[in-house]
Amino acid sequence: MEKLSYEIEINAEPEKVWSVLWGDITYRQWTTAFTEGSFYEGTLEKNNIVKFLDPKNNGMYSRVEKMIPNEEIKFLHLGEIYEGIEVPQDWGEATEAYFLEENEEGTLLKTEIQTPAEFKEFFEEKFPKAMSLVKHLSENQL
């Protein structure tokens, strides 16, 4: 398992950054860094299952492990989805967490990912682009 972390300073309050991360329209915008047309289904509440999908209903499903609005959310990735069919995976502690810390400049957004080694290169290429999009959307939208 590889542990990856990324952070970016955003000149916007945590509530704004949170709404960009998880609002339907803005989520679809910043996740283009991973896959064009990405979206999620489900409610971001502790213990709920959330599906992260592309336009062909491929993606993964995860359980919300921790949820503190405007501060922190953590997902445990449980499996992949192929054409809408859930396929459990034995990824162990494959997690993805987002932390928002308010400071004088606005918000420090940090992400921590525990991922199988096979996905490390993908995340290292795509995640910095995604974080830059979150910054841009947070700082430039009303």
Point to revise | Step-by-step salt bridge (charged side-chain N to carboxylate O under 4.0 Å, His left out) determination, Glu65 to Lys46 | key: CA-CA 6 Å; Glu65 294 283 289; Lys46 190 171 184 328; over 6 Å; no

Check your understanding: When you look at Lys66 and Ile73, which way does the side chain to side chain contact (heavy atoms under 4.5 Å, CB included) test go after all the steps?
Key -> CA-CA 5 Å; Lys66 189 168 186 180; Ile73 191 165; over 6 Å; no

Review point. What do the steps show when you test Arg28 against Asp24 for side chain to side chain contact (heavy atoms under 4.5 Å, CB included), and what is the final call?
Key: CA-CA 6 Å; Arg28 292 170 187 261; Asp24 182 52; 3.0 Å; yes

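In this structure a side-chain-to-backbone donor-acceptor pair under 3.5 Å is missing from Asn48 to Val64. The backbone N or O of Ser38 sits nowhere less than 3.5 Å from a side-chain atom of Asp54 that would complete a donor-acceptor pair.
Between Glu86 and Lys51 the shortest side-chain heavy-atom distance falls below 4.5 Å. Taking the side chain as every heavy atom from C-beta outward, Thr111 and Met131 approach each other to under 4.5 Å. Looking at Pro116 and Glu2, their side chains never come closer than 4.5 Å, going by heavy atoms from C-beta outward. Residues Glu112 and Lys3 are in side-chain contact: their nearest non-hydrogen atoms beyond the backbone lie under 4.5 Å apart. Side chains of Glu41 and Leu53 form a contact here, defined as non-hydrogen atoms less than 4.5 Å apart. The shortest distance between side-chain heavy atoms of Ile113 and Glu96 falls below 4.5 Å. Residues Tyr82 and Val87 are in side-chain contact: their nearest non-hydrogen atoms beyond the backbone lie under 4.5 Å apart. Using a 4.5 Å heavy-atom cutoff, the side chains of Ser62 and Leu76 are not in contact.
For Asn47, the side chain to side chain donor-acceptor pair (under 3.5 Å) test picks out no residue, with sequence neighbours left out. A search for side chain to side chain donor-acceptor pair (under 3.5 Å) contacts involving Asn103 returns Glu9, not counting sequence neighbours. Residues that satisfy the side chain to side chain donor-acceptor pair (under 3.5 Å) test with Lys110, not counting sequence neighbours, are Glu101.
Rounded to the nearest 0.5 Å, atoms CD1 (Ile49) and OG1 (Thr43) are 12.0 Å apart. Atom CD1 of Ile10 is separated from atom NZ of Lys16 by 11.0 Å, given to the nearest 0.5 angstrom. The structure places OG1 of Thr35 at 10.5 Å from NZ of Lys56, a figure rounded to the nearest 0.5 Å. One finds the CD atom of Glu7 at 9.0 Å from the CG atom of Leu109 (value rounded to the nearest 0.5 Å). Separating the OG1 atom in Thr107 from the CD atom in Glu15 is a distance of 7.5 Å, to the nearest 0.5 Å. The OH atom of Tyr61 lies 12.5 Å from the NE2 atom of His77; values are rounded to the nearest 0.5 Å.
Aromatic ring orientation, Phe127 versus Tyr98: tilted (interplanar angle from 30° to 60°).
With hydrogens and angles left out, the side-chain atoms of Gln89 and Glu80 include a donor and acceptor closer than 3.5 Å. The closest side-chain donor-acceptor pair between Tyr27 and Gln29, if any, does not fall under 3.5 angstrom.
Using a 4.5 Å cut-off between side-chain heavy atoms of Ile, Leu, Val, Met, Phe, Trp and Tyr, with links allowed through other members, Val20 and Leu108 fall into different hydrophobic clusters. Taking hydrophobic clusters as Ile, Leu, Val, Met, Phe, Trp and Tyr residues chained together by side-chain heavy-atom distances below 4.5 Å, Phe99 does not share a cluster with Leu4. Connection of Trp30 to Leu44 is established within a shared hydrophobic cluster, with ILVMFWY side chains joined at heavy-atom distances below 4.5 Å, either directly or through further cluster members. Residue Trp22 is not grouped with residue Phe39 when hydrophobic side chains (ILVMFWY) are merged at heavy-atom distances under 4.5 angstrom, including chains of intermediate members. Val134 is connected to Ile8 through a chain of hydrophobic side-chain contacts under 4.5 Å among Ile, Leu, Val, Met, Phe, Trp and Tyr, so both are in one cluster.
Within 6.0 Å of NZ in Lys74 there are 12 or fewer heavy atoms belonging to other residues, nucleotides or ligands. Counting non-hydrogen atoms of neighbouring residues, nucleotides and ligands closer than 6.0 angstrom, the CD atom of Glu121 reaches no more than 12 such neighbours. Taking a 6.0 Å sphere around CD of Glu83, one finds it holds 12 or fewer heavy atoms contributed by other residues, nucleotides or ligands.
Checked against the 6.0 Å centroid criterion, the rings of Phe75 and Phe52 qualify as a close aromatic pair. Aromatic ring centres of Tyr6 and Phe123 lie farther apart than the 6.0 Å criterion allows.
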